[in-house]
Protein chains: 2
Amino acid sequence: MKPDALPRLRSWLGSEARPEGFRLPPERELAPLLGVSRTDLRNALLVLETEGGLERQVGRGTFLRHAARPGADYGSGRDISSLAERTGPMEAMNARLALEPELAQMAALQASPLQISELRELAQAMRVAPDWAGYEKLDADFHELLAKSAGNPLLYELHRIVNGVRLVVVWRRLNPEDVSPPSSYHSFAEHDAIVAALERRDQAAARAAMRAHLAATIAAMAGGA
Amino acid sequence: MKPDALPRLRSWLGSEARPEGFRLPPERELAPLLGVSRTDLRNALLVLETEGGLERQVGRGTFLRHAARPGADYGSGRDISSLAERTGPMEAMNARLALEPELAQMAALQASPLQISELRELAQAMRVAPDWAGYEKLDADFHELLAKSAGNPLLYELHRIVNGVRLVVVWRRLNPEDVSPPSSYHSFAEHDAIVAALERRDQAAARAAMRAHLAATIAAMAGGA
DNA sequence: GATGTCTGATTGGTTGACCAATGAAGCCTG
DNA sequence: CAGGCTTCATTGGTCAACCAATCAGACATC
């Protein structure tokens with residue numbers, strides 16, 4: 001399959017507000033509209049149908065299973081960008097508060113020495129990130145590695161979703177003119193405290209350090225940072 | 001698309017241990033093997049490719065992106081049944097412990113009177129379930145409605161995954177000859193306590209009641225129930 | 001005027017022929 | 001003999017013609 005039919009279809013569907021039940025144009029009309037062949041369009045429609053976002057019926061047409069929001073690619077309603085559209089900043093933080101202390105506690109027991117060493121390096125790299133974009137990428141990597149090192153596949157998958165939603169929110173807010181975090185940025189010391197607790201294999205301290213980190217992030221958000 | 005090609009392909013891929021990188025038979029051979037047309041097979045392959053489970057290259061063939069485990073349908077590695085294969089019972093409980101007290105606390109504030117009333121009805125219906133299967137279905141519905149009533153789309157999606165994994169584990173354990181839960185079954189009173197806390201809009205009590213419910217479930221698991 | 005039946009246009013779905021990409025084998029050259 | 005080039009069989013990918021399902025409109029009947 002040509003790699004652009006599916007993104008084009010998602011983007012086209014998200015170009016206007018369209019209600020649940022909306023009927024798409026016939027394939028033979030929509031394909032030229034999107035600049036793709038009917039075969040490619042059919043492939044894209046199939047994927048969206050299998051995801052649960054569309055219903056297709058011979059002789060009747062193709063219909064949206066849920067409303068399309070303008071400005072967002074159309075998905076199953078359960079992909080990361082759709083979730084990000086429907087999740088407020090505090091809601092995302094609540095999800096992090098539920099998951100990440102648990103993950104930190106488990107990582108203190110399960111993480112390998114190599115993983116802990118890599119976390120130490122990431123925490124250090126964040127202190128010298130060239131800009132906020134670089135910092136946020138490293139921050140996401142730090143939290144992802146920590147979730148992975150906890151050794152619970154289910155919680156890791158949950159964290160992947162939460163981290164993905166968080167990244168959408170963060171990238172939306174980033175201003176290209178922003179310079180890097182100041183050296184007094186609260187998260188630096190908090191990351192260090194988390195890694196130190198892992199190094200000591202101190203589960204309670206890891207949990208508390210993660211909670212403190214997230215609480216400080218919430219306080220900074222409430223302060224209009 | 002015929003609705004059986006994708007399940008047949010998933011099932012066939014999960015019929016034997018196959019390593020990451022395994023090369024599938026050519027489409028023209030595999031289609032008759034599965035009893036489907038080449039078109040239907042191609043549709044199924046497309047879905048799996050888009051999920052990330054397969055890599056397909058013209059002139060070379062089609063390859064697994066991750067290993068197939070025997071006895072499990074082949075997925076992206078991130079669908080509920082794959083996660084259930086890789087998640088132990090205690091790991092699933094840890095995920096529930098992270099999520100569900102948070103959800104109960106939020107539901108105490110956010111749930112509508114209708115939702116609370118429906119939760120009350122579900123709790124009552126579980127007491128008179130005809131068998132364990134019926135009980136487990138209602139239990140899943142109870143926890144799902146509670147997650148929904150919390151009003152956090154992200155946590156609701158996370159809970160959907162956890163609830164799905166839990167159901168796979170539970171259904172795997174159910175014995176058709178099992179009768180219904182005894183009237184002294186611990187969860188009945190615990191469900192009532194959760195609903196009562198919601199009715200009172202008492203966030204802390206809802207959180208504590210859910211923690212107690214999950215802790216009792218863990219204890220029963222450890223007791224070999 | 002209301003209801004039932006038939007027709008044909010329109011819709012998504014399928015097929016076999018053909019196309020594009022790949023790589024192994026064979027052939028040629030230095 | 002080794003390396004490069006060509007050929008061709010095999011692989012997944014595309015297409016136009018055709019098929020199957022749906023329903024609005026026209027027509028017939030009561």
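Quick caveat, the model's predicted, so the values are computed rather than measured. A, B, ... follow the sequence lines: proteins, then strands. Residue 1 opens every chain.
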Show me, pair by pair, the donor-acceptor contacts under 3.5 angstrom made by side chains of residues 63-71 of chain A, not counting sequence neighbours?
{"from": "A/Arg65", "atom 1": "NE", "to": "A/Leu54", "atom 2": "O", "distance (Å)": "3.4"}
{"from": "A/His66", "atom 1": "NE2", "to": "A/Gly75", "atom 2": "O", "distance (Å)": "2.8"}
{"from": "A/His66", "atom 1": "NE2", "to": "A/Gly77", "atom 2": "N", "distance (Å)": "3.4"}

Using distance only, find each side-chain donor-acceptor pair of residues 116-124 of chain B under 3.5 Å and give its atom names and separation, not counting sequence neighbours.
{"from": "B/Arg120", "atom 1": "NE", "to": "B/Glu199", "atom 2": "OE2", "distance (Å)": "3.2"}
{"from": "B/Arg120", "atom 1": "NH1", "to": "B/Asp192", "atom 2": "OD1", "distance (Å)": "3.3"}
{"from": "B/Arg120", "atom 1": "NH2", "to": "B/Glu199", "atom 2": "OE1", "distance (Å)": "3.1"}

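The nearest whole Å value for the distance from the CZ atom in A/Arg60 to the C1' atom in C/dT10 is 14 Å. The CD atom of A/Glu49 sits 14 Å away from the C1' atom of C/dT11 (whole-angstrom rounding). Atom C1' of nucleotide C/dG12 and atom CG of A/Asp40 are separated by 17 Å, given to the nearest angstrom. Atom CD of B/Gln57 and atom C1' of C/dG23 are 12 Å apart (whole Å). Atom pair A/Leu46:CG and C/dG12:C1' shows a separation of 12 Å (rounding to whole Å applied). A straight line from CZ of B/Arg42 to P of D/dT14 spans 7 Å, rounded to a whole angstrom. Here D/dT11 presents its P atom at 17 Å from CD of B/Glu55, a figure rounded to the nearest Å. Atom CG of B/Asn43 is separated from atom C1' of C/dT15 by 13 Å (rounded to the nearest Å).
Using a 4.0 Å cut-off, no side-chain N or O of B/Thr62 falls inside it from OP1 or OP2 of D/dT11. Under 4.0 angstrom from either OP1 or OP2 of D/dC15 there lies at least one side-chain N or O belonging to A/Ser37.
Between the side chain of B/Arg38 and the base of D/dG13 there is at least one donor-acceptor pair of N/O atoms closer than 3.5 Å.
Listed by first then second residue, pairs satisfying ring pair (Phe, Tyr, Trp, His ring centres under 6.0 Å) with a partner in residues 75-103 of chain B number zero, not counting sequence neighbours. The ring pair (Phe, Tyr, Trp, His ring centres under 6.0 Å) contacts involving residues 102-128 of chain B comprise nothing, where partners must be two or more places apart or lie in separate chains. Counting only residues at least two apart or in different chains, ring pair (Phe, Tyr, Trp, His ring centres under 6.0 Å) contacts with residues 98-125 of chain A are absent.
Of the candidate nucleotides D/dT14, C/dT11, C/dG12, C/dT11 has the atom lying nearest to any side-chain atom of A/Arg23. Nearest nucleotide to the side chain of A/Arg56, out of D/dC15, C/dG23, C/dG13: C/dG13. Checking C/dA21, D/dA21, C/dT15 against every side-chain atom of A/Val58, the shortest atom distance belongs to D/dA21.
By the 30° and 60° cut-offs, the orientation of the rings of A/Phe188 relative to A/Tyr135 is perpendicular.
Taken residue by residue, residues 24-35 of chain B places heavy atoms nearer than 4.0 Å to DNA chain D at B/Pro26, B/Glu27, B/Arg28.
The pair B/Arg86-A/Glu157 fails the salt-bridge criterion, with no side-chain N (NZ, NE, NH1 or NH2) lying under 4.0 Å from an Asp/Glu carboxylate O.
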